[in-house]
2 protein chains.
Amino acid sequence: MTVLPSRNCIVRLSRYKNALHRFRTLGFIKVFSDTLAEEVGVTSSQVRKDFSLFGISGKKRGGYDLDELIEKLNNIFGKDRLEKVVVIGCGNIGRALINYKGFEREGIKITACFDIDPAKCKKEAAVPVLAMEDLCAYVNENGIKIGIIAVPDIAARQVMGSMVSAGIKGILNFAPLELKAPGGTVINNVNLGLELENLIYFVNSVSD
Amino acid sequence: MTVLPSRNCIVRLSRYKNALHRFRTLGFIKVFSDTLAEEVGVTSSQVRKDFSLFGISGKKRGGYDLDELIEKLNNIFGKDRLEKVVVIGCGNIGRALINYKGFEREGIKITACFDIDPAKCKKEAAVPVLAMEDLCAYVNENGIKIGIIAVPDIAARQVMGSMVSAGIKGILNFAPLELKAPGGTVINNVNLGLELENLIYFVNSVSD
DNA sequence: TAGATTGTTAATCGATTAACAATC
DNA sequence: TAGATTGTTAATCGATTAACAATC
């Protein structure tokens with residue numbers, strides 16, 4: 001693949017995929033760019049453009065075959081296999097993620113958690129909580145590529161370092177500071193305080 | 001205010017604010033657009049442009065006064081007062097948010113949680129868990145403008161309806177579906193599955 | 001066939017960046 | 001003054017949308 005699509009493009013692709021699943025449960029067997037666009041809230045040009053970027057084609061006048069389309073999108077996101085993910089930090093957010101049921105249907109499974117506090121470690125739990133020292137070995141033995149940072153801000157940068165040197169390639173960061181990725185690592189920041197602050201701004205500015 | 005700035009612009013403003021707080025703890029008393037830009041990872045043109053949109057000005061050759069700048073940014077985000085926020089859904093994510101310590105320093109306080117399950121209700125807790133029927137009265141009595149959806153996907157749309165009719169103006173949605181805001185309501189969606197899916201795509205495409 | 005839909009190119013739009021006059 | 005930095009305008013860039021030929 002020569003062109004790296006934008007993050008926005010990939011987010012739209014996820015949304016198309018989700019919308020297509022809904023269409024399938026409704027009994028559809030084909031779909032037009034128009035229908036899909038309306039469901040997701042974009043233009044039909046956008047849909048066709050995004051698809052063409054990935055070499056996905058339909059039939060002139062016949063639209064897209066639903067099963068085929070879902071299959072291709074699933075491939076793009078590696079949905080053919082289960083993705084194992086680790087969580088670093090067994091606090092409020094870490095535990096919520098471990099117990100969150102929504103990942104299963106996405107083919108994502110949190111298989112272990114890591115914490116510096118020995119008192120939190122529980123090797124025998126369904127999702128074991130292990131010591132930070134075990135991270136590197138675990139990542140290598142289990143082929144882990146994705147990890148989630150759920151530690152306080154002061155610890156986040158150091159934890160990122162440990163994850164990267166253990167071989168983790170993608171990081172979802174919940175600590176309230178923007179982590180920058182060293183080359184070859186992808187980081188998505190989810191900053192809850194910033195999201196609320198943003199909401200507060202727009203709520204107040206609309207009412208002005 | 002005539003121009004509604006883009007979401008990206010407001011996100012940058014938050015980041016400037018956070019960077020400026022760090023500068024202040026380091027003992028700085030003034031800052032140049034260049035310095036701030038580098039810290040946040042944007043261009044100095046961007047910084048000056050964003051400021052000018054909000055009528056924030058510095059001194060030619062003298063940069064920006066740090067205290068004054070922080071004061072103005074704090075005003076934009078309503079940091080002069082405590083923002084009370086409610087959470088709907090007392091499951092994994094809801095409880096994690098209630099116990100999350102990071103909001104305090106942002107001037108945000110979760111003051112109550114609401115759940116349909118009577119067994120989860122606890123009126124006497126530090127952050128009380130109340131029945132859904134009490135939402136409307138609580139919102140009105142406490143001047144709540146912001147609410148967080150932390151319920152399963154099937155319940156999310158209905159919960160949104162209850163929140164909007166109770167008078168909530170801004171919603172942070174953690175349920176894994178894109179909620180669209182009725183006019184006058186602002187919704188920010190945080191979709192954890194989508195974030196991970198996104199990460200999986202980029203991790204796999206970089207290694208190709 | 002006539003009509004509808006794709007795939008792609010060209011036009012538009014908005015956001016970012018560069019440049020530079022003003023000025024401290 | 002000479003040099004540095006702002007504030008703003010013009011240029012650039014990338015993403016989105018419109019348009020339409022190809023074709024089923």
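In this text the structure is predicted, and so the values were computed from the model without any measurement. Chain A is the first sequence line, chain B the second, and so forth, proteins listed ahead of strands; every chain is numbered from 1.
- Here the nucleotide nearest the side chain of A/S45, chosen from D/dA19, D/dT6, C/dT16, is D/dA19.
- Crowding of B/L26 atom CG: a count of heavy atoms from other residues, nucleotides or ligands under 6.0 Å exceeding 12.
- Mapping A/R61 and A/Q46 onto DNA chain D via the closest heavy atom, the residue that lands nearer the 5' end is A/Q46.
- A donor-acceptor pair shorter than 3.5 Å cannot be found between the side chains of B/K101 and A/N92.
- Residues A/R48 and A/S44 bring a donor and an acceptor atom of their side chains to less than 3.5 Å of each other.
- In this entry the distance linking NZ of A/K30 with C1' of C/dA4 reads 10 Å, nearest Å.
- Distances shorter than 4.0 Å separate none of the side-chain N or O atoms of A/T43 from OP1 or OP2 on D/dT16.
- One atom, CG of B/D50, and another, P of D/dT6, lie 14 Å apart when rounded to the nearest Å.
- Between B/F51 and B/Y16, the ring-plane angle classifies as perpendicular under the 30° and 60° cut-offs.
- Between the C1' atom of C/dT5 and the CG atom of A/L36 lies a distance of 14 Å, rounded to the nearest Å.
- Considering only side-chain atoms of B/S52, the nucleotide from C/dA22, D/dA19, D/dT8 that sits closest is D/dT8.
- Distance from the side chain of B/Y64 is smallest to D/dT6 among D/dT6, D/dA15, C/dT6.
- Rounded to whole Å, the distance from CZ on A/R48 to C1' on D/dC20 is 11 Å.
- Between A/F174 and A/L97, some side-chain heavy-atom pair lies under the 4.5 Å cut-off.
- Take the nearest nucleotide of DNA chain C for B/C9 and for A/G62: the residue whose nucleotide is more 5' is A/G62.
- In this structure, A/S44 reaches neither bases nor backbone, as no heavy-atom distance under 4.0 Å exists between it and the strands shown.
- Between B/F32 atom CZ and D/dT6 atom P the separation is 7 Å, expressed in whole Å.
- Applying the Watson-Crick and G-U wobble criteria (two distances, each under 3.5 Å), D/dT23 pairs with C/dA4.
- Within 4.0 Å (heavy atoms only), B/R7 reaches no atom of the nucleic acid at all.
- Rounded to an integer number of Å, the gap from CG of B/L53 to C1' of C/dG14 is 13 Å.
- Nucleotide D/dT9 forms a Watson-Crick or G-U wobble pair with C/dA18, both donor-acceptor distances falling under 3.5 Å.
- The separation between A/L69 atom CG and C/dT6 atom C1' is 13 Å, rounded to whole Å.
- The side chain of A/K60 sits closest to C/dT6 out of D/dT16, D/dT5, C/dT6.
- Residue B/S33 is in sugar-phosphate contact alone, with no base atom involved, counting any heavy-atom pair closer than 4.0 Å across all strands shown.
- Rounded to a whole Å, the CG atom of B/N8 is 20 Å from the P atom of C/dC13.
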